[in-house]
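This chain uses plain numbering: 1 for the first residue, then up along the sequence. Every number for a ligand or one of its atoms is a count from 1 in the order of the listing. Keep in mind that this is a model prediction, so the values were computed, not measured.
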Amino acid sequence: MQIVKDAIELKKLRASLNGSVGFVPTMGALHEGHISLIKKARAENDFVIVSIFVNPTQFLEGEDLDKYPRKDEADIKICELAGVDIIFMPTIDSVYNEDELSITAPKIRGFILEGAKRPGHFDGVLQIVMKLFNITDATNAYFGKKDAQQLALITQMTKDYFLNVNIVPCEIVRDSRGIALSSRNTYLSEGEYERALSLSRSLKLASDMVAKSELDSSKIKVAMEDLLTKSVDKLDYVAIVDREFRELDKVEIGNSIILVAAFVGNTRLIDNIWV
Ligand code: AMP
């Protein structure tokens, strides 16, 4: 396994690879969610590149950029065990210049839900992902459904900009009690972890209602909100959208995503289910 810190060096190395490249972009502090993406990439490609980069442009003023968990040594071991060929751990200067041109998230899908609560976040995500796609020239790129809106916008970017990369959506990995794994879960105290279980419980409640043929979005959202407000400190949103992120009055089975975002303590958590 090689560790590359410079973008131009990685471009050269990539050009020497004969075969398909699976690419898994991450911000590190790797957990089983990331590992599931890496394993899928390993199974489906000749070479696997994982990037570990806490991208400053996707954090808003006052967010957790400075305290975001960094676990480089453990991450390198995890990648080695998972059969990764190349880890890309760029310095900021290696991927960013002064006074860059910018990519802006689409006006509608990019400015609802996460885009509304975190204005500018998706601009930063799309900017770094575009760079990483160009540096790695990946055949397939693996993204978790956990970040559903991010996945939708990146898929759209590949279409809008005629990129060659194929986007592979990956299932959400949860712990034994149902919480979606996230690097940010390490911020949670024991008590907060218990309260954070309400996110996945609210989604379970929603899917149970759908299973009993309750498709009315407002009824499902009220039930979820009732459950969530008892446990979380601030509910950012509960939403039911189709796979194109258009709001739905009625759940469309096979074409819907039910999403939740909330603060537990100072930690902002997101989760969703695809129904
Ligand atoms: P991050 O390091 O949080 O930026 O995540 C890197 C990639 O891993 C993104 O595509 C995420 O959607 C994905 N990911 C994060 N957590 C999970 C999870 N619990 N299950 C599946 N994929 C995940």
Discussion item. I'd like to check Pro106 versus Gln156 (side-chain heavy atoms, cut-off strictly below 4.5 Å). Are they in contact?
Written reply: yes
Item to complete: Among all protein heavy atoms, pick the one closest to atom 12 (O) of ligand 1 and tell me residue, atom and distance.
Response: Asp147 OD2, 2.6 Å
Worksheet item: Purely on distance, is any nitrogen or oxygen of Ile172 under 3.5 Å from one on ligand 1?
Response: no
Worksheet item: What atoms in ligand 1 come closer than 4.0 Å to a heavy atom of Phe143?
Response: 10 (O)
Discussion item. Is there a polar contact between ligand 1 and Leu181, counting only N or O atoms under 3.5 Å apart?
Written reply: yes
Fill in: Under-4.0 Å heavy-atom contact with ligand 1, by part of Leu151 that carries it
neither
Item to complete: Please list, chain by chain and in numerical order, all residues satisfying ring-ring contact (aromatic ring centres under 6.0 Å, His included) with His121, sequence neighbours excluded.
Response: none
Worksheet item: Got the closest protein heavy atom to atom 7 (C) of ligand 1, with its distance?
Response: Pro25 O, 3.7 Å
Worksheet item: Taking the minimum heavy-atom distance to atom 9 (C) of ligand 1, which of Gly28, Pro69, Gly144 ranks first?
Response: Gly144
Item to complete: Return yes if a side-chain donor-acceptor contact under 3.5 Å exists between Glu114 and Tyr237, otherwise no.
Response: yes
Worksheet item: Looking only at non-hydrogen atoms, which of Arg184, Lys146, Glu171, Met27 approaches atom 21 (C) of ligand 1 most closely?
Response: Glu171
Worksheet, complete the sentence: heavy-atom search around atom 20 (N) of ligand 1 in the protein gives Val173 N, 2.8 Å
Worksheet item: Side chains of Gln127 and Glu100: donor-acceptor distance under 3.5 Å anywhere?
Response: yes
Worksheet item: Do Asn45 and Tyr142 meet the criterion of a side-chain donor-acceptor pair at a distance under 3.5 Å?
Response: yes
Discussion item. In this structure, would Leu132 and Val21 fall into the same cluster of hydrophobic residues linked by side-chain contacts under 4.5 Å?
Written reply: yes
Item to complete: Looking only at protein heavy atoms, identify the closest one to atom 1 (P) of ligand 1 and say how far it is in Å.
Response: His34 NE2, 3.6 Å
Discussion item. Please verify the inter-ring angle class for Phe133 with Phe23; under 30° counts as parallel, over 60° as perpendicular, anything in between as tilted.
Written reply: perpendicular
Discussion item. Measuring only between side-chain heavy atoms, which start at C-beta, is Ile49 closer than 4.5 Å to Val24?
Written reply: no
Worksheet item: Of the backbone atoms (N, CA, C, O) and the side-chain heavy atoms from C-beta on, which set of His31 has a member under 4.0 Å from an atom of ligand 1: side chain, backbone, both, or neither?
Response: side chain
Worksheet item: What atoms of ligand 1 come within less than 4.0 Å of a heavy atom belonging to Thr26?
Response: 2 (O), 6 (C)
Item to complete: Indicate, as side chain, backbone, both or neither, the part of Arg174 found under 4.0 angstrom from ligand 1 when only non-hydrogen atoms are considered.
Response: neither
Practice prompt. State, yes or no, whether a side-chain contact exists between Thr26 and Ser51 at a heavy-atom distance under 4.5 Å.
Written response: no
Worksheet item: Should you measure from each heavy atom of Leu37, which atoms of ligand 1 turn up under 4.0 Å away?
Response: 7 (C), 8 (O), 10 (O), 13 (C), 22 (N)
